[in-house]
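Whatever order the structure lists them in is the order used to number ligands and atoms, beginning at 1. As the structure is a prediction and not an experimental result, all values here were calculated from the model.
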Amino acid sequence: MIKFEQAFKKVISRAKVLGTENISVDEAIGSVLAEDIVSKYALPPFNKSVMDGYAVRYDDLKYIPVKLKCIDIIQAGRVCKKTVNKGECIKIMTGSLLPKGADSVVMVENTEADNKNKGLIKIFKKVDYGENVCLKGENIKKGCIVLKKGTLIRGPEISIISALGMSIVRVYRKPTIAVLSTGDEIIEPGKNLIYGKIYNSNGHMLLSLFEEMGIKAQYLGIVKDEEKKLKKAVMRGLKNDILLISGGVSMGDYDLVPGILKKCGVKKVFHKVRMKPGKPLFFGVKNNGLVFGIPGNPVPTYLIYSIFIKPVVDKLMGKKVCLNVAGGILKKDYRRNPGRKHFVPALYTNDGSVYPVESYHGSSDIFALTKANGFMVMPASAGFIRKGQKVEFLFW
Ligand code: AMP
Ligand code: MG
């Protein structure tokens, strides 16, 4: 049985960044850029007003108040052919192209229309030269690298790529993933509960977690612990970059998954990790495909997703791999049997306190996870940790 740290290394080293693809910018959030984004245009592409007001010549505002003759109105998106000459101004809207002759904009709030002389505008506050004008290229010059290859695309990146007029970007491909639930006792939510059976929670949790990462995983449904059926489903699942099989990897008479994976040509990298929960974890490879056999209980399923599967998906799609770990102060004595690295559902509060979930009943206690925001991590050697001691905390 290998240590968690070794298992993590083995898994991550087998995950190789996938190829690249062109996708619509509207689908690119959460992906990683596989190309530098170079500005084809300057931003803004023209000198523009950033206020509603009057385009003026700075030299005309030496003595305040002053009355200027308004010779036109410019709506955003329109090109005004007139020039602002000495003693003149043009009414201008935010986002409009600054007319010729003008160099500054006075906010409308600092002006007043002259009631007696139609067309005259009284300006009663000075501006600095160029005030309220954003010059062409002030934000981004034409021809420079705006976003580097390897950048994670978030909202602001989508905005800038769109602002540069691009509708397609080159990104690292997201992996294809198949999820298979196994077990004669498992039935789908929505059906009537039969005595002795339980509902499939893992399958739906995993599918949703991938959905959250922008990946529509293939759901292979629930397959009974029967060799022929399992083999058929596994062969289908192996067509993906990642195959996840929930259940059937422990020591029971009907835990058939490792044997079937072998028959299907999956090479075992490890089976069983010195960690709690999640000890029976199986990891194997077939060509470039990665296969996880996950013990069926929901707590290890979520743990294994958090510490193995999500990092692997991140790496495949070009993201940085990191576990979100922090130090905290344990607020209650915690005792357990040493021997395996232990992940305990716990709550980390703003002041850095760590509270293990009260009355946690172990691997099947998914309810405990709903009261937690991560796992307190206890080293394999630790049997007792006293209140007030520093502990490692792994955020989800
Ligand atoms: P196994 O890994 O197949 O030995 O299953 C371990 C425990 O997890 C058993 O109590 C199963 O009933 C339960 N289990 C297996 N698959 C699921 C699932 N998809 N959803 C919820 N619990 C499951
Ligand atoms: Mg089972």
Subject >> For Ser246, the ligand 1 atoms whose distance to one of its heavy atoms is below 4.0 Å >> reply: 16 (N), 19 (N)
Subject >> Pair Lys122-Asp114, side-chain contact (heavy atoms from CB on, under 4.5 Å): steps then yes or no >> reply: CA-CA 6 Å; Lys122 187 174 165 192; Asp114 191 321; 5.5 Å; no
**OP:** Distance to 0.1 Å, residue and atom name: give those for the protein heavy atom nearest to atom 18 (C) of ligand 1.
**Re:** Asn202 ND2, 3.2 Å
Subject >> Pick from Ile245, Asp255, Leu180: the one approaching atom 4 (O) of ligand 1 most closely through a non-hydrogen atom >> reply: Asp255
Original post:
Can you tell me the protein heavy atom closest to atom 12 (O) of ligand 1 and the distance?
Top reply: Glu185 OE2, 2.6 Å
Original post:
At their closest point, which heavy atom of Tyr172 faces which heavy atom of Gly318, and how far apart are they?
Top reply: CD1-CA, 4.2 Å
Original post:
In terms of ring plane angle, is the pair Phe283 and Phe270 parallel, tilted or perpendicular, where the classes change at 30° and 60°?
Top reply: tilted
Original post:
Any heavy atom of Ser364 sitting closer than 4.0 Å to ligand 1?
Top reply: no
Original post:
Pro295 heavy atoms, cut-off 4.0 Å: which ligand 1 atoms fall inside?
Top reply: 2 (O)
Original post:
Do Glu227 and Lys263 sit within salt-bridge range, that is, some charged N less than 4.0 Å from a carboxylate O?
Top reply: yes
Subject >> Where ligand 1 meets Asn297 - atom numbers and elements under 4.0 angstrom, heavy-atom basis >> reply: 6 (C), 7 (C), 8 (O)
Original post:
At the 4.0 Å heavy-atom cut-off, does Ser201 count as touching ligand 1?
Top reply: yes
Original post:
Quick one: are the ring centres of Phe46 and Tyr41 less than 6.0 Å apart?
Top reply: no
**OP:** Could you name the option among Pro298, Ser250, Pro280, Gly296 that has the heavy atom nearest to atom 5 (O) of ligand 1?
**Re:** Gly296
**OP:** Answer with side chain, backbone, both or neither: which part of Ile198 has a heavy atom less than 4.0 angstrom from an atom of ligand 1?
**Re:** side chain
**OP:** Write out the residue and atom name of the closest protein heavy atom to atom 19 (N) of ligand 1, then the distance separating them to 0.1 Å.
**Re:** Asn200 OD1, 2.9 Å
Original post:
In the protein, what heavy atom is nearest to atom 16 (N) of ligand 1, and what distance, to one decimal place, separates them?
Top reply: Ile186 CD1, 3.5 Å
Original post:
Given the rule in the salt bridge (charged side-chain N to carboxylate O under 4.0 Å, His left out) test, do Lys332 and Glu358 qualify, once you have shown the distances and angles that lead to the verdict?
Top reply: CA-CA 10 Å; Lys332 226 178 153 237; Glu358 297 275 346; 3.8 Å; yes
Original post:
What is the closest protein heavy atom to atom 1 (P) of ligand 1, and at what distance does it sit?
Top reply: Gly248 N, 3.7 Å
Subject >> Lys/Arg-Asp/Glu bridge criterion (N-O < 4.0 Å) met for Arg170, Glu21 >> reply: no
**OP:** Please state whether Tyr199 comes within less than 4.0 angstrom of ligand 1, counting heavy atoms only.
**Re:** yes
**OP:** State plainly whether one hydrophobic cluster holds both Phe343 and Val325, where clusters connect Ile, Leu, Val, Met, Phe, Trp and Tyr through side-chain heavy atoms under 4.5 angstrom apart.
**Re:** yes
**OP:** Mark yes or no for whether Ser353, through its side chain, and Ile329, through its backbone, hold a donor-acceptor pair below 3.5 Å.
**Re:** no
